[in-house]
Enquirer: 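Shown below is the structure under consideration.
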Amino acid sequence: MATFLYRLGRFAFRRRRAVALVWVALLALVGFGAATASSPGPTQFSIPGVEAQKAFDLLDQRMPANNADGASARVVFKAPEGQKITDPANKAEVTRTISAIEHGSKEVASAANPFEDGAAVSKNGEVAYSTVSYKVSSMELKDASKDSLEHAAEQAQDKGLTVEIGGDALQAEAETGSTEVVGIVVAAVVLVITFGAIVAAGLPLLTALIGVGVGVGSITALAATLHLDSTTSILAMMIGLAVGIDYALFIVSRYRAERAEGKLPEEAAGRATGTAGSAVVFAGLTVIIALCGLAVVNIPMLTKMGVAAAGTVAVAVIVALSLIPALLGFAGDKVLGRKARKAAKAVKDQGPEARARAVAAAHRDADGEHKVNGGTRWARFVLRRPVRVLLLGVIGLGVIAVPATQLELGLPDDGSQPTSTTQRRAYDLLSDGFGPGFNGPLMMVYDGKGVADPQAEAAHVVAEIKKLPDVKVVSAAAFNPAGDTATITVVPGSKPSSHATETLVHSIRDVGKDVKAANDGEVLVTGQTAMNIDVSQKMNDALLPYLVLVVGLAFLLLMLVFRSILVPLKAALGFLLSVVAALGSVVAVYQWGWLGSLFGVEQTGPIMSMMPIFMVGVVFGLAMDYEVFLVTRMREAHVHGESPAQAIETGFRHGARVVSAAAVIMIAVFAGFIGSSEQMVKMIGFSLAIAVAFDAFVVRMTIVPAVLALLGRRAWWLPTWLDRILPNVDVEGEKLHKALGESDSSGSGEGPQDPDAERELTRV
């Protein structure tokens, strides 16, 4: 691995113009494809294997008119204070508005007049609503149709009515907000501080943006074909940008370290790609495994999100391994620190070898001034008191994780929207006028095919449902023309996300079991509320198998990297601490409302069903990033003869500052998405940012050295029989160092002295 990547790094350095041209051409091609791609059609949210989906599929077969995919809007009218919506003037204005909506766009299929249906007017006479149905989905709805809807509502507002619009007709594309830019700015500042050179700081940002451009551009170009929504590209951008900066950061940092030892630029690029690049490959693989593993949940939308994000991570890895060495060739000495650049400039007329020696001398002088850096001091602090540090870290994360025991899952509805949106205000008006359960009606589907008297049994079902607690309204059964399938609407007395409504769904399904046992009829419960409950249960059921799959595969991968059993085991356990603490933080902020105003939480409620499992996948991959980057340097030192304690110090001396910078960058990038208008993106941005903070600074930088100090040499133990079986992937570059020759390892920078080794290493 290291030898191959060494050759790749030197090749990219020498052929930098061709490599850069290929990436620019690829970016332009993808950009053209994204710009000319057709808009994505409606995205089908399907959950195979759950009762709510089974009911939808049955409706699609037997009553397609009741299962239309067209957009809908619920226009809610409220009379001025002290008046009734049924007053003649108000009634006339509502009727005029409905007529304007119906005739304002050819895409409108129907617009119901609330006064023709008494159920559409509240009992106190103050609120009424109209359901507007469209012929096309919300994704296909033209802006002109949306403008017509909003204009009609504004005209009614001018007449004194309060008018708000719910439903998906005005559904907006997810926006990330200006804080995303703030995240990138923070990343740039951290890079400048870390490297002390503008050019060195700019390389990771440039390559990360190119990688994200290619990845997200590809997603946009394929969105219509693969039915991808805007959330998919935003999450891919979030993850791709973070890992892209980090991967480039590690290779650039290692390149500077090789230059500090006196290596010539091309040789330094090859060695940096061979060593740090190997860590990048395996770190990227863990992220890709975790994201692709989301397919085990068997929710198509989640699978697409995971695979799309994994593709962006793969692009980030390839960019780091090929484009970074090429750009290092263009940058020359400009990526070095100020003193090193000055020293190289002083001898620029004496040839590249003289400049390499001057750079090494400048770094030796700097090291003489700062023999013990912050990473070394921290490592020594942990080594002196490993038990206390370990207990403090574990107990601290355990306390933060306590709220996770109260985790409640659900899917967002208009009630979770900010109060500034018309969707949320419409939700509140309907709740006030018709009861909290009106916003989450349950749809029962009765399948009476083969039943002797479907009408009588459906009536019996309605009578039984009316007896259940928390039932406010039950409609009569509405049969299809064939008379074998009916829909029954149930309005709960409680809001959609409440425990009472969930209990009601289970109670109705129990009634359905009794009906099926007594006769051949089948009762299914569906609708958005029932679908939310089923999705949450499916997520809970899938979490353990997903953890076993992802952690198991990554454990095997890390065993290859570290050639140890205890180090991968420690890495997995540390990850579990991080993710549970992060879940506890999410519950405290988004479910309980602690510090909610600080993070833009306007409405507390259940945590989005897909968030925990998606967070687990992403955080596991990112946690392994820091494990690989930090511990491979320790492993490298141990392989070259250092004691366990010395190896820990060496790893922190070379890696602590870079890992800390990488973590701060990733936290900044993820935190930037907290400003998104999309609730799922906002919540995932927060959870990933806090999880990275816990994992990088508490687990990897604190608990890991404490555990390694306590384990000593046992940390690197591997049974002899297993050592023979496992292939040696040479992440530490041990084979590479041997091929390059011992004299070169000491810093001559001349490359391999064996001609055969030279031919092998430079062959591409």
Side-chain angles (χ1 to χ4, degrees), residues 1-5 243 247 250 274-293 296 310 313-314 317 544-579 616-640 642 644 647-648 650-651 655 659 695 699-700 703-737:
M1 171 68 74
T3 304
F4 168 76
L5 294 177
V243 300
Y247 295 163
F250 282 101
T275 52
S278 296
V280 165
V281 169
F282 281 94
L285 280 175
T286 58
V287 181
I288 291 170
I289 287 172
L291 291 170
C292 291
V296 303
V313 172
V317 171
L544 184 58
Y546 175 70
L547 277 172
V548 171
L549 172 68
V550 173
V551 174
L553 289 175
F555 179 85
L556 294 175
L557 192 63
L558 292 177
M559 195 160 58
L560 286 176
V561 174
F562 298 122
R563 306 197 71 77
S564 164
I565 291 178
L566 295 179
V567 171
L569 180 62
K570 164 198 59 66
L573 293 176
F575 150 74
L576 291 176
L577 274 174
S578 300
V579 79
V616 165
V618 176
V619 171
F620 184 80
L622 300 180
M624 296 308 103
D625 278 2
Y626 298 119
E627 181 76 14
V628 169
F629 289 135
L630 189 61
V631 181
T632 48
R633 203 65 190 256
M634 300 179 192
R635 167 76 180 169
E636 185 177 345
H638 182 68
V639 165
H640 290 100
E642 292 188 7
I648 292 172
T650 300
V659 168
D695 194 85
V699 175
R700 307 303 152 189
I703 294 177
V704 165
V707 172
L708 291 177
L710 293 172
L711 291 174
R713 295 187 183 279
R714 288 168 295 183
W716 310 107
W717 171 78
L718 188 69
T720 305
W721 63 269
L722 188 56
D723 188 38
R724 288 195 298 266
I725 295 174
L726 292 178
N728 187 355
V729 294
D730 191 30
V731 176
E732 300 86 9
E734 185 179 3
K735 291 181 179 179
L736 175 61
H737 284 300

Enquirer: Drop me the distance from Ile648's CD1 to Leu708's CG, to the nearest 0.5 angstrom.
Expert: 5.0 Å
Enquirer: List in chain and number order the residues that pass side-chain contact (heavy atoms from CB on, under 4.5 Å) with Pro568, two or more places apart in sequence or in another chain; answer none if no residue qualifies.
Expert: Phe555, Leu558, Met559, Ser564
Enquirer: Could you grab the distance from atom CG of Leu630 to atom CZ of Phe250, nearest 0.5 Å is fine?
Expert: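 It comes to 8.0 Å.
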Enquirer: I need the Phe282 CZ to Leu560 CG distance, nearest 0.5 Å.
Expert: 6.5 Å
Enquirer: Working to the nearest 0.5 angstrom, can you tell me the gap between Arg714 CZ and Ile565 CD1?
Expert: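 These two atoms lie 14.5 Å from each other.
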Enquirer: First locate atom OG1 of Thr275, then atom CG of Leu5, and finally report the distance between them rounded to the nearest 0.5 Å.
Expert: 9.5 Å
Enquirer: Answer yes or no: is there a side-chain heavy-atom contact under 4.5 Å between Thr632 and Phe562?
Expert: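 Result yes, sub-4.5 Å side-chain heavy-atom pair found.
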Enquirer: Please answer whether the main-chain N or O of Ala647 pairs with a side-chain N or O of Arg633 as donor and acceptor at a distance below 3.5 Å.
Expert: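 No, the answer is negative, given that no donor and acceptor are paired below the 3.5 Å cut-off.
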Enquirer: Is a donor on one side and an acceptor on the other found under 3.5 Å between the side chain of Arg713 and the backbone of Pro644?
Expert: no
Enquirer: Ignoring hydrogens, what is the shortest heavy-atom contact between Cys292 and Ala310? Give both atom names and the distance.
Expert: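 Closest approach of Cys292 to Ala310: SG-CB, 3.7 Å.
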Enquirer: Please identify each residue that fulfils side-chain contact (heavy atoms from CB on, under 4.5 Å) with Leu711, with sequence neighbours left out.
Expert: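 side-chain contact (heavy atoms from CB on, under 4.5 Å) check on Leu711 returns Leu566, Val707, Ala715.
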Enquirer: Could you pull out all residues at least two apart from Phe575 that satisfy ring pair (Phe, Tyr, Trp, His ring centres under 6.0 Å)?
Expert: Phe620
Enquirer: Can you list the residues that meet the side-chain contact (heavy atoms from CB on, under 4.5 Å) rule with Leu573, with sequence neighbours excluded?
Expert: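 Result, side-chain contact (heavy atoms from CB on, under 4.5 Å) vs Leu573: Leu569, Leu576.
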Enquirer: Run the numbers on Thr650 and Met634 for side-chain contact (heavy atoms from CB on, under 4.5 Å), then give the verdict.
Expert: CA-CA 6 Å; Thr650 300; Met634 300 179 192; over 6 Å; no
Enquirer: Could you check whether any side-chain heavy atom of His638 comes within less than 4.5 Å of a side-chain heavy atom of Trp716, counting everything from C-beta outward?
Expert: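 Yes, their side chains come closer than 4.5 Å.
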Enquirer: Quick one: which residue pairs count as a side-chain hydrogen bond (donor to acceptor under 3.5 Å, both in side chains) with a foot in residues 566-579, not counting sequence neighbours?
Expert: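 Passing the test, one end in residues 566-579: Lys570-Glu627, Ser578-Asp695.
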Enquirer: Just jot down the side-chain contact (heavy atoms from CB on, under 4.5 Å) partners of Tyr546, sequence neighbours excluded, or say none.
Expert: Ala290, Leu294, Val296, Val550, Ile613, Val616
Enquirer: Looking at Arg700 and Pro705, what are the two nearest heavy atoms and their distance?
Expert: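 Looks like O-CD, 3.4 Å.
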Enquirer: Quick one, Leu726 and Trp721 - any side-chain contact, counting heavy atoms below 4.5 Å?
Expert: no
